[in-house]
Amino acid sequence: AKESHRNQYEFFTPIMSAQASERLTVELELRKALERNELLLMYQPQLEFKTGRVTGVEALVRWLHPKRGMVSPADFIPLAEETGIIIPLGEWVLRTACLQNKAWQNSGFAPMRIAVNLSAYQFKQANIVQVVADILKETKLDPVYLELEITESVAMQNAEQVIVTLEGLKSLGIQVSIDDFGTGYSSLSYLRNFPIDRLKIDRSFINDITSVQGESTIAASIIAMAQSLKLEVIAEGVETEVQFEFLKSKGCTEMQGYFFSKPLLMEDMTGRLVSMRES
Ligand code: C2E
Ligand code: CA
Ligand code: CA
Ligand code: CA
């Protein structure tokens, strides 16, 4: 009792730094954001080089704050992870993304994947496979149209445990990609044991591509590595025609980036699907 009294005292002490109090405010607001429906998803299309078709979209969360406007995930995902809010938040993202993809399919658009970012904290949850299974069942989305993105840094911790979880997820029939690939220095022999579908080349390596002829770039070696492992490979953060042509010439499977489209509000993504169907 003495302890808790002390904590309470510290909690209300006026010498608590402005930064800590700001943080606490944001934490409380973030907890309420879910109930108040202040989160939304934006959708960024992924284009297949071979056919020019949109084969997937990545769901990217935003917080539409009543006073601060649109808040980017970089400004609240870390706090959501530290406080555990990422668990209900991540489930909301997954459910919303699956529902939206199912809704597009029900509207008659050509089926495509929806890619959802999975935080390390979600991935490490003992019941993650069951959580994903339940959401698939609830939303009736065909599992082949769900892709989970886990970062290379997550994949590199405790390989045995990671493989068990990945096998559980893959047994649901979903797809898995390794996000921010190339930043974690994982090797070809390491990756060979992973039940994954796709490598996603980190934006920083795409940024390095400045000419179509290309010196031997990291992006080119990742593409070659993916091919030798029979994995698909997608480039993120493609902004220029030079980057687009380079990746295409190297045999990259898909691309995502401002060159083709920025992340779109749901209505705008739907509009895009309509115009592609008509063209
Ligand atoms: P990420 O998974 O690497 O997502 C790609 C980020 O690059 C997105 O930023 C996207 O808007 C941005 N981007 C896309 N194309 C381009 C381009 O051509 N040029 C440039 N400069 N940027 C581009 P965003 O939406 O701000 O998301 C930032 C990060 O927040 C994501 O990085 C991801 O790690 C995290 N995140 C987003 N949504 C979620 C979520 O639902 N759950 C979790 N756990 N993390 C999320
Ligand atoms: Ca991602
Ligand atoms: Ca990424
Ligand atoms: Ca990245």
Side-chain angles (χ1 to χ4, degrees), residues 30 33-34 38-47 54 56-64 69-101 113-125 128 131-132 135 146-155 175-184 196-209 218-219 222 233-244 246-247 252 254-266 268-269:
L30 190 52
L34 269 170
E38 291 172 7
L39 298 179
L40 62 98
L41 294 184
M42 295 196 76
Y43 301 92
Q44 189 175 33
Q46 300 175 336
L47 186 87
V54 169
V57 284
E58 180 175 7
L60 295 157
V61 71
R62 300 286 181 270
W63 180 7
L64 190 54
M70 200 76 104
V71 185
S72 89
D75 294 330
F76 66 91
I77 292 288
L79 184 66
E81 289 178 329
E82 283 170 43
T83 53
I85 299 172
I86 192 69
I87 299 301
L89 190 159
E91 285 186 28
W92 179 87
V93 169
L94 191 59
R95 180 176 295 108
T96 306
C98 289
L99 276 175
Q100 184 57 57
N101 201 20
R113 298 185 314 266
I114 188 130
V116 174
N117 292 284
L118 208 60
S119 144
Y121 295 77
Q122 288 175 278
F123 187 78
K124 283 183 201 149
Q125 286 240 294
I128 182 63
V131 167
V132 176
I135 289 177
L146 174 64
E147 173 172 68
L148 295 180
E149 296 192 359
I150 63 163
T151 62
E152 187 183 19
S153 59
V154 170
Q175 305 194 39
V176 174
S177 68
I178 304 293
D179 202 0
D180 300 341
F181 189 78
T183 56
I196 54 174
D197 301 278
R198 192 171 283 106
L199 299 181
K200 196 163 188 184
I201 309 172
D202 191 65
R203 192 164 77 215
S204 57
F205 305 114
I206 306 307
N207 210 32
D208 289 342
I209 303 168
I218 293 175
I222 293 174
V233 59
I234 177 166
E236 71 174 358
V238 179
E239 293 182 355
T240 67
E241 182 161 15
V242 162
Q243 292 164 350
F244 180 91
F246 175 86
L247 293 160
C252 187
E254 286 168 81
M255 64 80 83
Q256 176 183 344
Y258 297 169
F259 180 64
F260 181 61
S261 171
K262 291 197 168 180
L264 303 170
L265 290 170
M266 185 268 278
D268 297 330
M269 183 67 218

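Predicted model only: the values in this text are computed from it and were never measured. All ligand and atom numbering here is 1-based and tracks the order in the structure.
Close approach of ligand 1 to Asp180 (heavy-atom distance below 4.0 Å) involves ligand atoms 3 (O). The contact set between ligand 1 and Gly257, taken as ligand atoms under 4.0 Å from a residue heavy atom, comprises 15 (N), 18 (O). Counting atoms of ligand 1 from 1 in the listed order, those under 4.0 Å from a heavy atom of Asp179 are 2 (O). Ligand 1 places these atoms under 4.0 Å from at least one heavy atom of Gln44: 14 (C), 15 (N). With ligand atoms numbered from 1 in the order given, ligand 1 contributes 2 (O), 4 (O) to contacts under 4.0 Å with heavy atoms of Glu58.
For the pair Arg198 and Val233, the tightest heavy-atom approach, listed with the atom from each and the gap, is CG-N, 4.4 Å. Across all non-hydrogen atoms, the minimal contact from Asn117 to Glu58 is ND2-OE2, 2.8 Å. When every heavy atom of Pro45 is checked against every heavy atom of Val57, the shortest pair comes out as CA-CG1, 3.8 Å. Annotation for Glu149 and Ala115: closest pair OE2-CB, 3.5 Å, computed over non-hydrogen atoms. Of all heavy-atom pairs between Ile178 and Thr151, the closest is CG2-C, 4.3 Å.
The residues Glu147 and Lys200 are annotated as not salt-bridged, no charged nitrogen and carboxylate oxygen being separated by less than 4.0 angstrom.
The Ca ion (ligand 2) lies under 3.0 Å from an N, O or S atom belonging to Asp179. None of the N, O or S atoms belonging to Thr151 lies under 3.0 Å away from the Ca ion (ligand 2). In summary, Glu149 places an N/O/S atom under 3.0 Å from the Ca ion (ligand 2), meeting the contact criterion. Taking backbone and side chain together, Asp202 holds no N, O or S atom under 3.0 Å from the Ca ion (ligand 3).
Under 4.0 Å from ligand 1, heavy atoms of Ser119 appear from its side chain as well as its backbone. The residue Leu89 has no part lying near ligand 1, judged by heavy-atom distances below 4.0 Å. Residue Val93 touches ligand 1 through its side chain alone, judged by heavy-atom distances below 4.0 Å.
Using a 4.0 Å heavy-atom cutoff, Gln256 is absent from the residues neighbouring ligand 1. Within the structure, the closest approach of Met42 to ligand 1 does not fall below 4.0 Å when heavy atoms are considered. Contact annotation: Gly237 has at least one heavy atom less than 4.0 Å from an atom of ligand 1.
Checked against the Ca ion (ligand 3), the N, O or S atom of Glu236 at the shortest distance is OE1. As for Glu58, its N/O/S atom nearest the Ca ion (ligand 2) is the one called OE2. Within Asp180, the N, O or S atom lying nearest to the Ca ion (ligand 3) carries the name OD1.
Of the polar atoms of Val61, at least one N or O is found under 3.5 Å from an N or O of ligand 1, judged by distance alone.
Across Leu60, Asp75, Asn117, heavy-atom proximity to atom 45 (N) of ligand 1 is greatest for Asn117. The option with the heavy atom closest to atom 6 (C) of ligand 1, from among Lys262, Arg203, Glu236, is Arg203. With Glu239, Glu81, Arg62 as candidates, the residue nearest to atom 25 (O) of ligand 1 on a non-hydrogen basis is Arg62.
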Original post:
Would Trp63 and Ile77 satisfy side-chain contact (heavy atoms from CB on, under 4.5 Å), going step by step from the backbone distance to the final call?
Top reply: CA-CA 10 Å; Trp63 180 7; Ile77 292 288; over 6 Å; no
**OP:** Could you check Asp180 against Ser153 for side-chain contact (heavy atoms from CB on, under 4.5 Å), going step by step and ending with a plain yes or no?
**Re:** CA-CA 9 Å; Asp180 300 341; Ser153 59; over 6 Å; no
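Looking at Thr96, its side chain never comes within 3.5 Å of a backbone N or O of Val93 through a donor-acceptor pair. Within the 3.5 Å criterion, the main-chain N or O of Ile206 finds a donor-acceptor partner in the side chain of Gln243. Remark: the backbone N or O of Gly184 is paired with a side-chain donor or acceptor of Glu152 at under 3.5 angstrom. With hydrogens and angles ignored, the 3.5 Å screen pairs a side-chain donor or acceptor of Glu236 with a backbone N or O of Arg203.
Note: Phe259 and Phe244 have tilted aromatic rings, judged against thresholds of 30 and 60 degrees for the angle between ring planes.
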